[in-house]
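For ligands, and for the atoms within them, numbers begin at 1 and follow the listed sequence.
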Amino acid sequence: MFEKFFFRKNEKRREAGRVSGGLHKIPTHVAIIMDGNGRWAQERGLPRIAGHREAMKTVKKVTRETSRLGVKVLTLYAFSTENWRRPKKEVEYLMKLPQQFLRSYLVELIENNIQVRVMGDMSRIPDYTMRAIHQAVSRTKQNDGMILNFALNYGSHSEIAEAFRTMIHDVRSGKLDEEQVDEKIVSGYLLSKSLPDPDLLIRTGGEIRLSNFMLWQLAYTELWFTDTFWPDFDEDDLHEAIRDFGKRQRRYGGLKENRSEK
Ligand code: FPP
């Protein structure tokens, strides 16, 4: 079993080496669907929550490296509106992760000028989780380095439905003229309103789907999928994704790599 993991890791490093070179184009906003924690644990005969525990280490690694590379926003899909369907014990463990993570890492986030944010429906989040999040958000709100944005109890469909509700309310109350509703106005009603759309989406764990994640915002995002489970994802994998992003020509439906000319 060990041999298998050792081989896989070395193989990954060799592959990363092959594409090595300059990281000349750094995406402004990287969004990540962190998948494969459960399978990582199962492969080792461990309970699924051991995979989530290990996942936190990867979150730290990737936060450090994206910030070091000059990424401006890192959005991590930490808990979806569908994840409540998991066994109670697993949900409870997942809800404890922000607290655990921030307890061991908030000081480093502050030192590195990182600003913590959260995006999702906070109404179902337990009090102890909310307290940790509020503390992290308020202690980092003056920071003007990378934004570390956790999507927590987040689902794109419910985000869009809520945007519709608010928009209809604003039209009815005269706050918004329906003739003015365009793409920019719609974006302004979403939870990501103050953030640029992601330039690069990474999904680990081998599935090739978006799982109700930032569906509006990902319209022109470059997608990058890997079989690597999130707990095994490392700096080499991140570099590989960013290098691949650097090779893509983004045309936004037009002919040149310039969104304003679309
Ligand atoms: C998907 O893997 C992962 C999740 C549902 C949870 C993601 C959470 C983390 C990576 C930790 C977040 C850390 C902080 C600091 C909030 P899965 O369980 O669906 O894996 P599987 O597809 O192999 O079953």
Enumerate, one pair per line, all nitrogen or oxygen atoms of ligand 1 lying under 3.5 Å from a protein nitrogen or oxygen, stating the separation to 0.1 Å; write 'none' if no such pair exists.
residue: ligand 1; atom: 2 (O); partner: Asp35; partner atom: OD1; Å: 3.3
residue: ligand 1; atom: 2 (O); partner: Gly36; partner atom: N; Å: 3.4
residue: ligand 1; atom: 18 (O); partner: Arg48; partner atom: NH2; Å: 2.9
residue: ligand 1; atom: 18 (O); partner: Arg86; partner atom: NH1; Å: 2.8
residue: ligand 1; atom: 19 (O); partner: Asp35; partner atom: OD1; Å: 3.3
residue: ligand 1; atom: 19 (O); partner: Arg86; partner atom: NH1; Å: 3.4
residue: ligand 1; atom: 19 (O); partner: Arg86; partner atom: NH2; Å: 2.7
residue: ligand 1; atom: 20 (O); partner: Gly36; partner atom: N; Å: 3.3
residue: ligand 1; atom: 20 (O); partner: Asn37; partner atom: N; Å: 3.2
residue: ligand 1; atom: 20 (O); partner: Gly38; partner atom: N; Å: 3.0
residue: ligand 1; atom: 22 (O); partner: Asp35; partner atom: OD1; Å: 3.0
residue: ligand 1; atom: 22 (O); partner: Arg39; partner atom: NE; Å: 3.4
residue: ligand 1; atom: 22 (O); partner: Arg39; partner atom: NH2; Å: 3.1
residue: ligand 1; atom: 23 (O); partner: Gly38; partner atom: N; Å: 3.3
residue: ligand 1; atom: 23 (O); partner: Arg39; partner atom: N; Å: 2.7
residue: ligand 1; atom: 23 (O); partner: Arg39; partner atom: NE; Å: 2.7
residue: ligand 1; atom: 24 (O); partner: Arg48; partner atom: NH1; Å: 2.9
residue: ligand 1; atom: 24 (O); partner: Arg48; partner atom: NH2; Å: 3.1

Under 4.0 Å between a side-chain nitrogen and a carboxylate oxygen: does that hold for [X] and [Y]?
{"X": "Arg64", "Y": "Glu108", "value": "yes"}
{"X": "Glu92", "Y": "Lys89", "value": "no"}
{"X": "Asp234", "Y": "Lys61", "value": "no"}

By salt bridge (Lys or Arg N to Asp or Glu O under 4.0 Å) - contacts of Arg68 (at least two apart):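 Testing Arg68 for salt bridge (Lys or Arg N to Asp or Glu O under 4.0 Å), a comparison that skips the adjacent residues, returns Glu65.
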With Phe79, the ring pair (Phe, Tyr, Trp, His ring centres under 6.0 Å) member among Trp84, Phe150, Phe213: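 When ring pair (Phe, Tyr, Trp, His ring centres under 6.0 Å) is applied between Phe79 and each of Trp84, Phe150, Phe213, only Trp84 qualifies.
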Asn112 side chain to Ile114 main-chain N or O, any donor-acceptor pair under 3.5 Å? no
